[in-house]
Chemist: 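Structure incoming, see below.
Note that these values count all heavy atoms, side chains included, but never hydrogens, waters or copies made by symmetry. Given the structure is predicted, the values throughout are model-derived calculations rather than measurements. In what follows, chains carry the letters A, B, and so on, assigned in the order in which the sequence lines appear, proteins first and then strands, with residues in each chain numbered from 1.
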Amino acid sequence: MKAILQKEFRSYLRGNRAFTMLSIYLFILSGLCVLIYAGFNDGGFSDRSDIGLALYVTSAVVAIFQLTFFAPSLNASSLGSERDRQTIDVLMVTPVRRYQIILGKLIAPCLFLFLLSLASLPIGAMALLIGGIEIRDLLIALTIQVVTVLGYGTVGIWGASWAKTSRGAMLATLGLALIMAVGLPLLALLVVGILSNDEALFKSIMNNGFIRNLGVVILSFSPFFSLVMWIQSISEGQATTWTLDLQGALGGGVILQPWLISLLLWLVLIPLLIWRSSKQLQKSVARSSGG
Amino acid sequence: MELIVETHNLTQRFGTHVALNQVNLSIPKGAVYGFIGPNGAGKTTTMRILTTLLQPTAGEALVNGISVRQNPDAVRKLIGFMPDYFGVYDSMRVWEYLDFFAHVYGIKQPRRTSLIQELLQLVDLTEKHDSYVMNLSRGMKQRLSLARTMAHDPSLLILDEPASGLDPRARIELRELLRELSRMGKTIMVSSHILSELAEMCSHIGIIERGTLLASGPVNEIMHDLRPHKLIEIQVVERAMAALQLLKQLPTINDVNLINELADDQAGGKLAINFSGTSDESSSILSNLIGQGFRVNHFAERQSDLEEVFLHVTQGVVA
């Protein structure tokens, strides 16, 4: 696996791709932060902590947005390009095990994306210096980013193990990422909007712990949901690291923080997807033998 | 005879399509085995099973006595595989390409560095050490690919259409390289459409069509088995018709024909003899003709070539 990792890194860092991606990523991130800061500056400084929180929110949301789409596409192309270049067969007849190929192909792009995450830390540190957030908030945002990269990256690899070309894999996994990250929260908003017209029905559903918690668990696949729920907690000054206190309208009670649910979900799903991808890789190589 | 490849009733189905039908293949150690067949005959499928890329539907395939089905990891260490295309890693230099595969095969530094030099020397690409792989010519890429298959010093090389798409010079270089590998004691299983090249290079051949192995064994034996009769061409300077009559009476001759048309009975001409006797008996044909006063200016046995055997055995039907 070390050989595959080394090769992947060499190909990432050679040429303009890594530099271009890093530049675009930081340009968008820092540009938006400057706009936020300028916006506050024009309105007059009311509270330093508002600026700190706004910078934190901007940097975290933009980072998550970019990673949500970079992670599956980069991972899908990492494995899919072996098929495009017709090098997968040659790799498969070496003693490297299938799961090692999958892991090598997963870890290299993920490490590159972690590098992007780390590169955005100075903006988060600025927010920390200005005030309004704690170091815990930065760490949680970073955790959500790491989980997003690994989780969505594994989805990308899994998709690539099925697809015939890297382009097909990229499109399929980007679509899936879009559904999970944005589609699920939008669907939840739509359902809540429709249900809230019937107050009795809405309350009965929200009071049903199983349905409500299942909804939260499904929504935790979206890093935006985890992040928004965390930001809401800290902006209301009620943040507790591990649990989320639901308001009365949502049936009340305490549940695990969505970022923690997301972490636990992906801890189970990632090994499962790696295992499935290894199996599928063998099948798809056999399928390409002429079946 | 120690075998490095054995298959027993090897069968491969893709849905209802039978790609391999109970193939029983034997390749002795040290052989250069030419695997011949029309497109879609099952050559690549057999090779993909032997390289563990494909699980057979039924039957067994053994490499050096190890089952490809039960112990694919051990089989992978014994084989070097070159598919019928050359996949290029973009932005990779020649030495990095070999270093990657040597690393994958568990060869550690500093041995890898010296191994790369040895491999490049073997395939005559030493001066391309730092070149990008994608900038090499097709022939060079093919040689580099062959060097890659040798990285872990495998006992068996499986080469699927290695000469495909190469220009004549690159083909000759590749053929010389395969001869060199054969001299190094490697067993080589090679498929190709260029039968004349295989005939020069191979010690053994296998002919496959529609998933069925039609013939397999040493080249000479196959030639003999499939073409038991010799064809002798004779040219007489005069009285070809009389020579024809004489030859028809000889017991060892199965059939004799005039190849060209004769202007008259006294004219000379070419005769073709279908003959099943020994070398002594063929020389007695010549002495018989000379003894009868015929002036013979050409007497030669025509060798059956691989193409002739291939056409004789196969029907040109694709599976």
Chemist: What parts of residues 95-123 of chain A touch chain B if we use heavy atoms and a cut-off under 4.5 Å?
Modeler: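 Expected list: A:Pro95, A:Val96, A:Arg97, A:Arg98.
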Chemist: As an exercise: rank B:Ile49, B:Asp73, B:Asp99 by heavy-atom pairs under 4.5 Å with chain A and give me the winner.
Modeler: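 Highest number of pairs under 4.5 Å: B:Asp73.
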Chemist: Does a sphere of radius 6.0 Å around CG in A:Asn16 hold more than 12 heavy atoms from other residues, nucleotides or ligands, not counting ones at 6.0 Å or beyond?
Modeler: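 Not buried by this count: 12 neighbours or fewer within 6.0 Å.
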Chemist: Which residues, numbered in order, of residues 154-185 of chain A come under 4.5 angstrom of chain B by heavy-atom distance?
Modeler: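 Checking residues 154-185 of chain A against chain B gives no residue, so none.
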Chemist: Answer yes or no: are there more than 12 heavy-atom neighbours, outside B:Arg13 itself, under 6.0 Å from its atom CZ?
Modeler: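 Count not over threshold, so no.
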Chemist: Taking all atoms of both residues into account, what is the closest heavy-atom pair of B:Tyr105 and A:Val93, and its distance?
Modeler: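 So the two residues come closest at OH-O, 3.7 Å.
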Chemist: Roughly how far, to the nearest 0.5 Å, is CE of B:Met92 from OG1 of A:Thr87?
Modeler: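 A:Thr87 atom OG1 to B:Met92 atom CE measures 9.5 Å (nearest 0.5 Å).
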Chemist: Taking the side chain as every heavy atom from C-beta outward, state whether A:Leu91 and B:Phe100 have any pair of such atoms under 4.5 Å apart.
Modeler: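 Contact flag for A:Leu91/B:Phe100 side chains = yes.
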Chemist: For the NZ atom of A:Lys7 and the CZ atom of B:Phe101, what is their distance to the nearest 0.5 Å?
Modeler: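 Reported value, rounded in 0.5 Å steps: 8.0 Å.
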Chemist: Would you mind checking which part of B:Arg148 comes under 4.5 Å of any heavy atom in chain A, side chain (CB onward), backbone (N, CA, C, O), both or neither?
Modeler: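 For B:Arg148, side-chain heavy atoms alone lie under 4.5 Å from chain A.
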Chemist: Okay, side chain of B:Arg48, backbone of A:Asp89: is any donor-acceptor separation there less than 3.5 Å?
Modeler: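 No, the answer is negative, given that no donor and acceptor are paired below the 3.5 Å cut-off.
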Chemist: Tell me, side chain or backbone of A:Ile88 under 4.5 Å from chain B's heavy atoms, or both, or neither?
Modeler: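 A:Ile88 has no heavy atom closer than 4.5 Å to chain B.
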Chemist: Looking at chain B, which one of A:Glu82, A:Lys2, A:Lys283 has the largest number of heavy-atom pairs inside 4.5 Å, strictly under?
Modeler: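 Highest number of heavy-atom pairs under 4.5 Å: A:Glu82.
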Chemist: Verify the neighbour count for atom CD of B:Glu118: are there more than 12 heavy atoms of other residues, nucleotides or ligands below 6.0 Å?
Modeler: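 Yes, CD of B:Glu118 has more than 12 neighbouring heavy atoms, counting only those of other groups under 6.0 Å.
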Chemist: Below 4.5 Å, heavy-atom pairs only: which of A:Met92, A:Gln282, A:Gln86, A:Gln6 has the largest tally toward chain B?
Modeler: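 Of the options given, most contacts go to A:Gln86.
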